[in-house]
Amino acid sequence: MELQMEPTAPAAKQKRLRWGTGGKHLLLILLCLFAIFPIYWMVISSFKGAGEIFNNSLFPSSWSLENYTYAMEAIDIVGMTANTLVMALSQTILQLCTAVMAAYALTRWDFAGSKLIYALFSLTWLVPFQAIMIPNYTTIVGMGFRDSLMGVIVPNMASAFAILSLYPSFKSFPKALIEAGVMDKMSACGVLFKLILPNIKSSIVSLGILLFINSWNDYFWPALIISQGQTTLQLGLRSFMSAELTSWGPLMAASVLASLPILILYLIIQKQVIQSFVKWGIK
């Protein structure tokens, strides 16, 4: 009897594994549909007319580009896209530069107060934006950067999240290689740019992608600083919303157009984006 039961045990185990794998795949498919459906609804609603914008139909009865025409006439989408791109790129580059310098200094040299500075960086990351919103606003207004992209960029030149994210990469870099570089009479900048950065390039690229996405989607601080002039895409969308009426069709069309640049960027570097989320998710 034992000889007859032995072959069936692995088969039953494999069957349970198949059912378990199938259930996981089904759950992932449902979660993907749940995540994609709002985007699908936004795109479909942008092609609906005003009379059927609130219909529950999954497809418009008649496809129309009227919302796109109205949206492009109502706001300067091209100019706003350029402003948003300048803002996001500037903030990303500045945050990466300050993060690299700070992480390098904290890990390269042992000086009095280094642990305290690292702890302060950690604490500033935990401080909510609302707590420093008014001091930042008064400082920017005093500097004359009201209603300009500089007013959005300057307070975001450094990021505690970026510093804390790069710190482990610098900390784990082999000190023997640094000492070898010093013995070869490399300067501190030479060790950083010729030795360390080329070996942690993947970490920097992953962090840069996350910082760019975060800067691109920023709304609250630009809304506080900019009321007219160099408006970003996210602020341009609110022009279709008012206390009396919301133009849902043009709003959906403008949202689709605002999403296209970041979507195109994602298609170009989708492998790096996925790796960055996996990398920082594991961390």
Side-chain angles (χ1 to χ4, degrees), residues 34-60 63-92 95 128-130 133 136-137 140-141 145-156 209-269 273:
F34 183 77
I36 293 174
F37 184 76
I39 301 175
Y40 169 79
W41 192 261
M42 176 183 68
V43 175
I44 291 300
S45 299
S46 67
F47 291 102
K48 290 182 177 181
E52 58 173 338
I53 192 67
F54 294 107
N55 290 349
N56 294 327
S57 59
L58 296 178
F59 298 96
W63 298 77
S64 174
L65 295 176
E66 190 176 311
N67 293 325
Y68 287 92
T69 303
Y70 179 84
M72 296 187 71
E73 291 176 352
I75 61 175
D76 182 15
I77 293 181
V78 176
M80 292 179 182
T81 302
N83 292 335
T84 309
L85 186 61
V86 170
M87 178 196 70
L89 283 177
S90 300
Q91 290 185 179
T92 301
Q95 288 175 4
F129 173 74
Q130 290 76 9
M133 177 179 64
N136 279 348
Y137 179 80
I140 290 301
V141 172
F145 291 150
R146 182 78 165 88
D147 285 328
S148 68
L149 291 180
M150 287 296 296
V152 180
I153 295 170
V154 169
N156 296 308
I209 292 172
L210 296 180
L211 293 175
F212 181 84
I213 294 174
N214 183 64
S215 299
W216 181 274
N217 294 328
D218 192 14
Y219 171 79
F220 192 74
W221 178 246
L224 187 64
I225 289 297
I226 301 176
S227 58
Q228 58 185 355
Q230 295 176 312
T231 309
T232 61
L233 273 173
Q234 288 71 21
L235 301 183
L237 296 179
R238 71 179 179 183
S239 62
F240 298 102
M241 306 175 65
S242 64
E244 296 79 15
L245 178 66
T246 298
S247 303
W248 290 107
L251 176 60
M252 294 297 104
S255 299
V256 172
L257 295 175
S259 303
L260 284 180
I262 202 70
L263 177 61
I264 294 172
L265 179 64
Y266 170 77
L267 293 176
I268 296 174
I269 58 172
V273 171

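Heavy-atom basis, side chains included; hydrogens, waters and symmetry copies ignored.
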Query raised in the report: Listed by chain and number, what are the ring-ring contact (aromatic ring centres under 6.0 Å, His included) partners of Tyr219, not counting sequence neighbours?
Result: none
Query - side-chain contact (heavy atoms from CB on, under 4.5 Å) partners for Leu224, two or more places apart - result: Met133, Tyr137, Trp221
Query raised in the report: Quick one: side chain to side chain donor-acceptor pair (under 3.5 Å) partners of Ser215, sequence neighbours excluded?
Result: Gln91
Query - Reported OG1-to-CG distance for the pair Thr92 and Asn156, which is rounded to 0.5 angstrom - result: 10.0 Å
Requested in this report: Could you list the residues that satisfy side-chain contact (heavy atoms from CB on, under 4.5 Å) with Ile36, not counting sequence neighbours?
Outcome: none
Report task. Grab the two heavy atoms, one from Met42 and one from Met252, that are nearest each other, plus how far apart they are. Result -> O-CB, 3.7 Å
Query raised in the report: Any side-chain heavy-atom pair from Leu58 and Tyr40 closer than 4.5 angstrom?
Result: yes
Query - Nearest atoms (heavy-atom pairs only) where Ser148 meets Ile225 - result: O-CG2, 4.1 Å
**Report entry** Side chains of Trp248 and Leu251 in contact at under 4.5 Å (non-hydrogen atoms)
**Finding:** yes
Query raised in the report: What's the spacing between Met80 CE and Leu237 CG if we round to 0.5 Å?
Result: 8.5 Å
Requested in this report: State which residues pass side chain to side chain donor-acceptor pair (under 3.5 Å) with Arg238; sequence neighbours excluded, sorted by chain then number.
Outcome: none
Query raised in the report: What residues form a side-chain contact (heavy atoms from CB on, under 4.5 Å) with Pro222, not counting sequence neighbours?
Result: Met87, Val152, Asp218, Thr232, Leu235
Query raised in the report: To the nearest 0.5 Å, how far apart are CG in Asn214 and CG in Leu210?
Result: 8.5 Å
Query raised in the report: So, for Val256 and Ser46, which heavy atoms are closest and what is the spacing to 0.1 Å?
Result: CG2-OG, 4.1 Å
Query - Sub-4.5 Å side-chain heavy-atom contact between Ser259 and Leu263 - result: no
**Report entry** Partners passing ring-ring contact (aromatic ring centres under 6.0 Å, His included) against Phe220 (at least two apart in sequence or in another chain)
**Finding:** Phe129
**Report entry** Partner set under ring-ring contact (aromatic ring centres under 6.0 Å, His included) for Tyr68, not counting sequence neighbours
**Finding:** Phe47
Query raised in the report: Less than 4.5 Å apart, any side-chain heavy atom of Gln234 and any of Thr84?
Result: yes
**Report entry** From CG (Leu233) to CD1 (Ile262), nearest 0.5 Å
**Finding:** 10.5 Å
Requested in this report: List in chain and number order the residues that pass side-chain contact (heavy atoms from CB on, under 4.5 Å) with Pro38, two or more places apart in sequence or in another chain; answer none if no residue qualifies.
Outcome: none
Query raised in the report: Mind checking what makes side chain to side chain donor-acceptor pair (under 3.5 Å) contact with Ser255, not counting sequence neighbours?
Result: none
Requested in this report: Could I get the full list of side chain to side chain donor-acceptor pair (under 3.5 Å) partners for Glu52, not counting sequence neighbours?
Outcome: Ser61
Query raised in the report: Around Glu66, counting heavy atoms of other residues, nucleotides and ligands shown, do more than 12 lie under 6.0 Å from its CD?
Result: no
Give every donor-acceptor pair under 3.5 Å between a side-chain atom in residues 70-78 and any protein atom, sequence neighbours left out.
{"residue": "Asp76", "atom": "OD1", "partner": "Gly79", "partner atom": "N", "Å": "3.2"}

Query raised in the report: Gly151 and Pro155: which non-hydrogen atoms are nearest, and at how many Å?
Result: O-CD, 3.2 Å
Query raised in the report: Which atom names give the shortest non-hydrogen contact between Pro261 and Thr81, and what distance separates them?
Result: CG-CG2, 3.8 Å
Query raised in the report: Nearest 0.5 Å, what's the CD1-CZ distance between Ile44 and Phe59?
Result: 6.0 Å
Report summary line: When every non-hydrogen atom of Arg146 is compared with those of Ile226, the smallest separation belongs to NH1-N, 3.8 Å
Report summary line: To the nearest 0.5 Å, atom CH2 of Trp216 lies from atom CG of Leu265 at 8.5 Å
